[in-house]
Amino acid sequence: MNVARRRVQRWRDAPLWASGFRPFYLLGALYAPLLALGSIGAALGWVDLAGAGIPLPLWHGHEMVFGFATAIVIGTVLTALPSWAGMPEPRGAALMLLAGLWLLGRCTFWAAPWLPRGVPALADLLLLPVLMAVLAVPVWRVPQRRYRWLLVILLALTLANAAYHVGVVSGNAANGAMAALALRGAIWTLIVLYAVVGGLLTQVFTSNALRAAGEPPPAPPHPALELTALAALLLLALCELLPAAPSLTAAAATACILLQLARMRRWQGWGGSCVARAPLLAGMHAGFVWLLLAFVLRALAAAGLGVPQTAWLHAFTVGALGLMMLSLMTRVALRHTGRALTPPRWLMPAGAALFAAAVLRLAAGVPGWSAVSAPLAALSVLLWAAGFAGFALAYAHALVSPSLPRR
C-alpha cells in the first residue's frame, strides 16, 4: 500500500502537473493533428465519427471549439490568472482532474456512434462546471472585481455547450439548428475573450518590446475606446445570434472594424519594426489583422456583395485564433519553463503554415471554385494541424520536464 501511495504521489508531483499550461497546451497541440485527420477521414467516408443524424460540420465545429480551443484557453487562464490576480495556481490533483475530464469528453465524443445516446453529452459537460468550481472561490476573494468576468465567459461557454448537446441528443431538424446556433454563440464568446484578453496581452508585450528597444512605449489602453469596442462586438454578436436586418449587421461589423483598428494603432506594433525585432509578437499582431479581415468579410456578406456567409468564421477560427494561440503558447511555454524568450527556428514556418491554412480555407469557399473546394479545404486543415504539431514536437519534453532555473 505504501508503495502504491508513493507512486501516486510521484505522479501527482510530476512537472506535468505543476502549472495549467503544461497538460492543456500539450493536449491541445496533440489533438490538433488528430482532429484534422479524423475530420478528413470522416469527410471521405472512411469512418463515422458524428453518428447517425448528426451532420459532420456540427461534430467538427464542436471539437474545434470545446476540444481544441477550450484546451488552449484553459491552459492560458490557469497560468495567467494566478499571476495577474495573485491567487493560488491550481496544480497537482486538481489539474489532473481537469485534464482527465477533458480527455473523458474527447474519448466519449469520438466514440459517440457506439455509445448510448446522451452519454457523450454527460461526459463532455463535466469539464467547464468543474473548472468554474475550482476557480470561483479564489477569484471571488481577489479584491479586483474585474477578474470575475472570466467566470461569466466560462458560464457562457458552458451554456452554449449544453444547448449544443440538447440539440444533438434530440435529433430533429429544429434542434439541429439549435446546436448550430449554440456553436455560433460559443464562437462569439471566444471572439470577445480574444478581443479583450488578446488585445491586453498584445498591448503589454508590445510595450515591453518597445521599451527594450529604447523606443517610446505605446499609449495605454483608453477606457472609453475599450468599452465602446466591446459594446460593438456584443452588438454584432446579437445580430448574428438573433437574426437582424442585414443593414444593421453590416453597420455593427463596420463599427467593429473601425474600433479594433483604432485599438491596434495605439499599440504601435508595426512602428519602428518592433515586430521584426520581436518575432514572438508577429503572430499576435497578425492575428488581429485576421480579426479585422473577419469583420470586413462579415460586413461585405451582410451587404450582399457576394462574400460567402461563412468566410468571416474561417478568417477568425483558422487565421486570427490560430496565430494568436500559437504565439501565446510559445511565449508562455518559454517563459514559464525558465527559458529565454528567444523564438525557436520552427516558429516562423509554423506561423506561415497557419497563415497559408487561413488563406486556403477562404479560397475553398470562393463561389465558382467548387471543383477545387474540397482539396483546398483538406490542405488547409493539414497545414493548420502541422502548425500545432510543430509546437508539440518542439515543446513536449519541456512541458513534462522540470523548469530550468530562472535567469
Side-chain angles (χ1 to χ4, degrees), residues 28-29 31-44 49-50 55-72 180 183-184 186-188 190-191 194-195 198 240 253 256-257 282-302 305-327 329 348-391:
Y31 193 52
L34 178 62
L35 179 57
L37 294 176
S39 298
I40 292 175
L44 294 175
L49 294 174
L56 180 60
L58 286 182
W59 183 94
H60 173 79
H62 181 277
E63 288 307 279
M64 279 289 293
V65 173
F66 294 104
F68 167 75
T70 296
I72 308 305
L183 280 182
R184 288 201 298 274
I187 288 169
W188 274 102
L190 290 179
I191 290 175
Y194 182 104
E240 286 287 321
C256 287
I257 296 167
M284 301 178 75
H285 286 276
F288 267 89
V289 172
W290 275 100
L291 180 66
L292 281 180
L293 178 59
F295 293 144
V296 169
L297 293 172
R298 188 65 194 96
L300 294 176
L305 297 178
V307 174
Q309 293 290 331
T310 58
W312 75 270
L313 180 62
H314 295 129
F316 171 72
T317 54
V318 183
L321 196 60
L323 287 167
M324 177 66 76
M325 283 183 167
L326 184 65
S327 298
M329 290 165 68
M348 294 307 291
L354 291 181
F355 194 96
V359 172
L360 289 174
R361 191 61 189 85
L362 292 182
V366 172
W369 287 20
S370 57
V372 294
S373 176
L376 288 177
L379 182 57
S380 170
V381 170
L382 291 175
L383 286 173
W384 174 84
F388 291 100
F391 175 89

Got a donor-acceptor contact below 3.5 angstrom from the [X] side chain to the [Y] backbone?
X	Y	value
S39	L35	yes
S380	L360	no
S373	A364	yes
Y194	G287	yes

Considering all heavy atoms, the nearest [X]-[Y] contact:
X	Y	value
A186	V65	CB-CG1, 3.8 Å
A42	L56	CB-CD1, 3.6 Å
A350	G387	CB-O, 3.8 Å
S327	G283	OG-CA, 3.0 Å
L190	A69	CD1-CB, 4.1 Å
F391	A29	CD2-CB, 3.7 Å

Do the side chains of [Y] and [X] get nearer than 4.5 Å, heavy atoms only?
X	Y	answer
L382	I40	yes
W290	V318	no
T310	H314	yes
M329	I72	yes
W384	R361	no

Atom pair [atom1] ([X]) and [atom2] ([Y]), whose distance is rounded to the nearest 0.5 Å:
X	Y	atom1	atom2	value
F316	L293	CZ	CG	13.0 Å
L323	M284	CG	CE	11.5 Å
W369	L376	CH2	CG	7.5 Å
M64	Y31	CE	OH	10.5 Å

>> Checking L183 against H62 for the side chain to side chain contact (heavy atoms under 4.5 Å, CB included) test, could you report, in this order, the C-alpha distance in whole Å, the side-chain angles of both residues, the deciding distance, and whether it holds?
In response: CA-CA 7 Å; L183 280 182; H62 181 277; 4.3 Å; yes
> Quick one: which of L305, L362, L313 gives a side chain to side chain contact (heavy atoms under 4.5 Å, CB included) with L297?
Replying inline: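 So, applying the side chain to side chain contact (heavy atoms under 4.5 Å, CB included) to L297 and each of L305, L362, L313, only L362 qualifies.
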>> Between W312 and E240, is the side chain to side chain contact (heavy atoms under 4.5 Å, CB included) condition met? List the steps.
In response: CA-CA 12 Å; W312 75 270; E240 286 287 321; 3.9 Å; yes
